[in-house]
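Step one of this worksheet: look at the structure below.
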Amino acid sequence: MRLRLTEHPGRATRVALVCALLSFAYLAAAWNAPIAPPVVGWIAPLASVVVGVYSTVRLVLATPLGPASRRFWRTMALAAVCIGVGAVSQMIDTLGRGAPTQVLSNRTSAFDLAGVVLMIAAILLVPVNKLTRAAWVTFALDAGTVLAGGVLFTWYFAIRNIGDFEATTGSSLPLVATVATGFLGVLVLLRISFAGVREVSPGALQLLAVAALTSCSAAGLSPQLAERPYLNTSFLAFPFAYGFLTAAVDRQRRAALAALDGDEPRRRPARVRSLYLLPYVAVLLTDGVLLATLDSPADAGPVIVGAVVLTALVSARQLVSFRENGRLLRRLDSTVADLRESENRMTHQATHDGLTGLANRALMASRLEAALAAREDIVFALIDLDDFKVVNDRLGHAVGDTLLVAAASRIQEAVGPDHTVARLGGDEFAVLLRGGSSPAAASG
């Protein structure tokens, strides 16, 4: 009997998408001036939080998952609940002081930080394969590239103006904590992309990576809203982060049900290959920041240093890749050579006698058939050794084998390399002379 969930797959994801679009539309419509009471702006973000938490809890309680997968999603559900409570707390911070504000309380920061830490703990629980030495070096260089590009981008758009952020939110701790934990989460996901994951859907992990990047990116936009206290970066961060979380849950549910129904063949642990693009994204971000500082000489110094570091990391990464590719090519050449040698050896064994090295009965029959089909003048002779059984009985099979090898060598030497000598079995040999050889030549 096949287990099916009663809810329609993808419905929660569509609801979360609608919440995200409504929240973005409200933010755009109210950019220049308030269009409704401030609490209205929080309806769609909190609705997306409820949808994301419900979907994650539902996945844990009502979907057949493996032990490692269930442990991962249970921890993710706790993280979603913590961050969801932080969203409610942030709304209270914003609306509970009479006039709208973007100042965050320590309570809100604590819930958000606990949620992000739980997310990272969940990712660390994902079973992965062991990395080789070369893979560790590649991972370290790619991680360094992501960190260098991300730090430079964050410095330019957030840390450089951290005074504005402090004036808006009351503290720089939320920004620093969010960005730091976001980077750590991305690095953990990058490691998973190298090692390969088991039990947890790779597509779900990709969507979770997008959720982390979305929420971290939105956190640095608070200074842009300093003159708009009735708006909040949470109008972007929560709907899109929980929207991607809901999509990840839906992807995991589909994968679990497909595996339960036997619709998918058993595959090797999959790799999150699209995360390999993160270092290249970091390079593009750095190029963008470098171009943005052309008109700001005062900010060019750190950007130039960051660009140099990034270039060095990318160059080292390419050198490692060239070396690894060369090693793989050498291994491939060696494997091809071994296969060719093995094939030749097997072909020789199939057509030659194992003791004497002469052609066997099958090869002799093939060459004789070819000569007759070509209407060649041939001489075919059968040779056996007199009293060979007596030699075997009195002196043993080892001496008999030595005698066969010696006889084969003499016959081949007498016939020459242009003609065929075969051992038909026991002490029986056959000789095929082609190309107009006469009986006199054969007797000689």
Side-chain angles (χ1 to χ4, degrees), residues 1-20 45-88 111-112 114-128 185 188-189 192 196-215 237-264 266-267 269-270 272 274-275:
M1 179 178 180
R2 295 183 177 181
L3 178 63
R4 292 289 189 185
L5 294 184
T6 57
E7 61 179 320
H8 295 283
R11 174 179 292 180
T13 302
R14 291 192 290 271
V15 173
L17 176 61
V18 171
C19 292
L46 292 183
S48 67
V49 171
V50 172
V51 173
V53 171
Y54 168 79
S55 298
T56 311
V57 173
R58 175 74 174 175
L59 175 71
V60 175
L61 297 179
T63 305
L65 300 172
S69 181
R70 185 172 300 279
R71 185 167 56 247
F72 169 79
W73 286 107
R74 185 186 298 120
T75 310
M76 286 297 301
L78 291 175
V81 170
C82 282
I83 298 177
V85 174
V88 176
F111 277 116
D112 290 342
V116 175
V117 170
L118 282 172
M119 290 179 64
I120 295 174
I123 296 172
L124 290 174
L125 292 174
V126 176
V128 297
V188 173
L189 286 171
I192 290 175
V197 296
R198 301 192 296 270
E199 294 196 34
V200 180
S201 168
L205 288 176
Q206 296 178 49
L207 291 170
L208 290 176
V210 176
L213 289 174
T214 302
S215 58
F238 287 123
F240 286 101
Y242 276 86
F244 284 116
L245 170 63
T246 306
V249 169
D250 185 58
R251 182 70 63 88
Q252 180 65 63
R253 179 184 294 110
R254 292 173 183 272
L257 292 179
L260 183 67
D261 290 342
D263 295 337
E264 291 184 347
R266 186 176 182 85
R267 296 176 297 183
V272 192
S274 62
L275 292 179

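The first residue in the sequence is number 1, and the count goes up from there.
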Which atom pairs, one a donor and one an acceptor, fall under 3.5 Å between side chains of residues 238-247 and the rest of the protein, sequence neighbours left out?
{"from": "Y242", "atom 1": "OH", "to": "A80", "atom 2": "O", "distance (Å)": "2.7"}
{"from": "Y242", "atom 1": "OH", "to": "G84", "atom 2": "N", "distance (Å)": "3.0"}
{"from": "T246", "atom 1": "OG1", "to": "Y242", "atom 2": "O", "distance (Å)": "2.7"}

Once rounded to the nearest 0.5 Å, what's the spacing between atom [atom1] of [X] and atom [atom2] of [Y]?
X: L61; Y: T56; atom1: CG; atom2: OG1; value: 11.0 Å
X: T13; Y: D250; atom1: OG1; atom2: CG; value: 4.0 Å
X: S48; Y: L46; atom1: OG; atom2: CG; value: 7.5 Å
X: S55; Y: R253; atom1: OG; atom2: CZ; value: 6.0 Å

Problem - Close side-chain approach of P64 to L257, heavy-atom, < 4.5 Å - result: yes
Could you pull out all residues at least two apart from [X] that satisfy side-chain contact (heavy atoms from CB on, under 4.5 Å)?
X: L65; value: L59, T63, S69, R70, W73, Q252, A256
X: A122; value: F72, T75, M76
X: V18; value: L22

Fill in the blank from the handout: Tightest non-hydrogen contact, residues I83 and G115, listed as CG1-CA, 3.6 Å
Problem - Non-hydrogen atoms of A204 and R251 that approach each other most closely - result: N-CG, 3.8 Å
